[in-house]
Amino acid sequence: MTPRLSTLDLVAKVDAFPYADRDPEAYAKIMKSFYTFVWEDQQGQVPIGYMKLDVIEALNKAPATIKGQLGLHIDVSNRTVVLFRDSPHKTYEERTRLVGELTALWREQEAFAILKSWRNELWPVYGRNKELLFSIERAAMGLFGTTRYGVHMNAFIRRQDASSKYDFKIWVPRRSATKSTYPSMLDNAVAGGLMTNEDPFECVIREADEEASLPEHIMRKNAKEVCTITYIYITDERAGGEAGLIYPECQWIYDLELPADGSVVPEPKDGEVESFSLCTVEEIQEQLAQGLWKPNCAVVMLDFFVRHGIYTPENEPHYDAFRNRAHRHIAFPGPHQA
């Protein structure tokens, strides 16, 4: 019988990268499989990502012309990787083009399974002062281990009836069985990745239309930004490519209260969602305990329960641990930092 998952189990699956100060042995063990991706500026080096050893090997095997243009420097003794070390004059556009040539070559060579999910979307990489350094194809970003950004939204109605002791009912989509990542798992009403220079609110409006057929005017009027969630995930085979990649992530979280009369309901549109179901809190709690939710979406749902007083320090034994791990400090620079 599969063990039931607690709140701590669920957040630990998402915030899975060891904390150096709390578990130095586990941290040292996992870092044997990675190099730190650093950026050099006038103030010195700043870490911006983690690269697996097979990525380091692929960098070493890249043609000399590409390595030269990238300003690649691999420090074996310090286990660091630098790009554009000798090219501070290169522009954002030039750096983006050169990194794109590298990842396109890897795609052509079928060097990494994750590149089969190529999306032609660029995601940002930031420097020490939150400046854009370059952008990377979405499917390739995990190879560099840089911070990823996205939006998630819970859609709900307020209705009190005998089916639940809470006055919430929440719209829960089931992911398409044909999706390359986490097929058929349960999800938040809307979620998506944040492209370079895209505003989080504009992103959630776009995704709400594409995934859930939610009208723009409803979103602009009723969707509320409530917090961010931050964690460092380690991929498994369900992520659609290489297992063991490190994903530092920041998600902007939104709540959308919809009319209780059912005059506005989410409906599948772009094929990424199979169906939507209106669920009680108790039904979702059972789904979570059975591990039916996509991991990071489970944490977003649990955060909803915390923010709306469903989980409190009095009734949830892992309340403080959940709050800490769902809002982890990510040392890499970017807009997630105050």
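Computed from heavy atoms alone, side chains included, the values below leave out hydrogens, waters and symmetry copies.
Between E57 and K61, at least one side-chain nitrogen of the basic residue sits less than 4.0 Å from a carboxylate oxygen of the acidic one, meeting the salt-bridge criterion. Under a 4.0 Å N-O distance rule, the pair R4/D9 does not qualify as a salt bridge. Residues D167 and R159 are not paired through a salt bridge, judged by the lack of any N-O separation under 4.0 Å between the basic side chain and the carboxylate. A salt bridge links D303 with R307: at least one charged nitrogen is closer than 4.0 Å to a carboxylate oxygen. For the pair E216 and R220, the salt-bridge criterion is met [side-chain N within less than 4.0 Å of a carboxylate O]. Look at K179 and E272 and you find a salt bridge, because one of the NZ, NE, NH1 or NH2 atoms lies within 4.0 Å of a carboxylate O, short of that distance. Under 4.0 Å is where a charged nitrogen must lie from a carboxylate oxygen, and between R158 and E257 at least one such pair does.
Of the N and O atoms on the side chains of N78 and T80, not one donor lies less than 3.5 Å from an acceptor on the other residue. With no hydrogens or angles considered, a side-chain donor-acceptor pair links D75 and S77 at under 3.5 Å. Using modelled atom types, one finds no donor on one side chain facing an acceptor on the other under 3.5 Å when comparing S164 with T280. With 3.5 Å as the limit, one finds no donor-acceptor pair spanning the side chains of S184 and E274. Defined by atom type and a distance below 3.5 Å, a donor-acceptor pair is present between the side-chain atoms of Q287 and W293.
For the pair R328 and Y19, the cation-pi test (distance below 6.0 Å, angle within 45°) is passed. Cation-pi geometry between R148 and Y247 is met: under 6.0 angstrom from the ring centre, within 45 degrees of the axis.
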Next item on the list: Take S163 and K169 through the side-chain hydrogen bond (donor to acceptor under 3.5 Å, both in side chains) test and state the conclusion after the steps.
Entry: CA-CA 10 Å; S163 65; K169 284 187 170 58; 3.0 Å; yes
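Within the 6.0 Å centre-distance limit, the rings of H308 and F156 are counted as a close aromatic pair. Ring to ring, Y254 and H152 are not that close: their centroids are 6.0 angstrom or more apart. Aromatic ring centroids of Y50 and F332 lie under 6.0 Å apart. The aromatic ring centres of Y126 and Y149 sit less than 6.0 Å apart.
Taking every heavy atom of both residues into account, A223 and L256 meet most closely at N-CD1, 3.6 Å. In plain terms, the two heavy atoms of P295 and V14 that are nearest each other are O-CG2, 3.1 Å.
Listed by first then second residue, pairs satisfying salt bridge (Lys or Arg N to Asp or Glu O under 4.0 Å) with a partner in residues 34-48 read E40-R85, D41-R128, not counting sequence neighbours.
Summarising the hydrophobic clusters (Ile, Leu, Val, Met, Phe, Trp, Tyr; side-chain heavy atoms under 4.5 Å, direct or chained), the residues clustered with V82 are V38.
Of the possible donor and acceptor atoms, one in the side chain of N315 sits under 3.5 Å from a partner among the backbone N and O of T312. Remark: side-chain polar atoms of Q337 are paired, donor with acceptor, to backbone N or O of A331 under 3.5 angstrom. The backbone N or O of L245 sits less than 3.5 Å from a side-chain atom of T235, completing a donor-acceptor pair.
With P248 as the partner, the side-chain contact (heavy atoms from CB on, under 4.5 Å) test is satisfied by one option alone out of T147, T146, T230, I48: T147.
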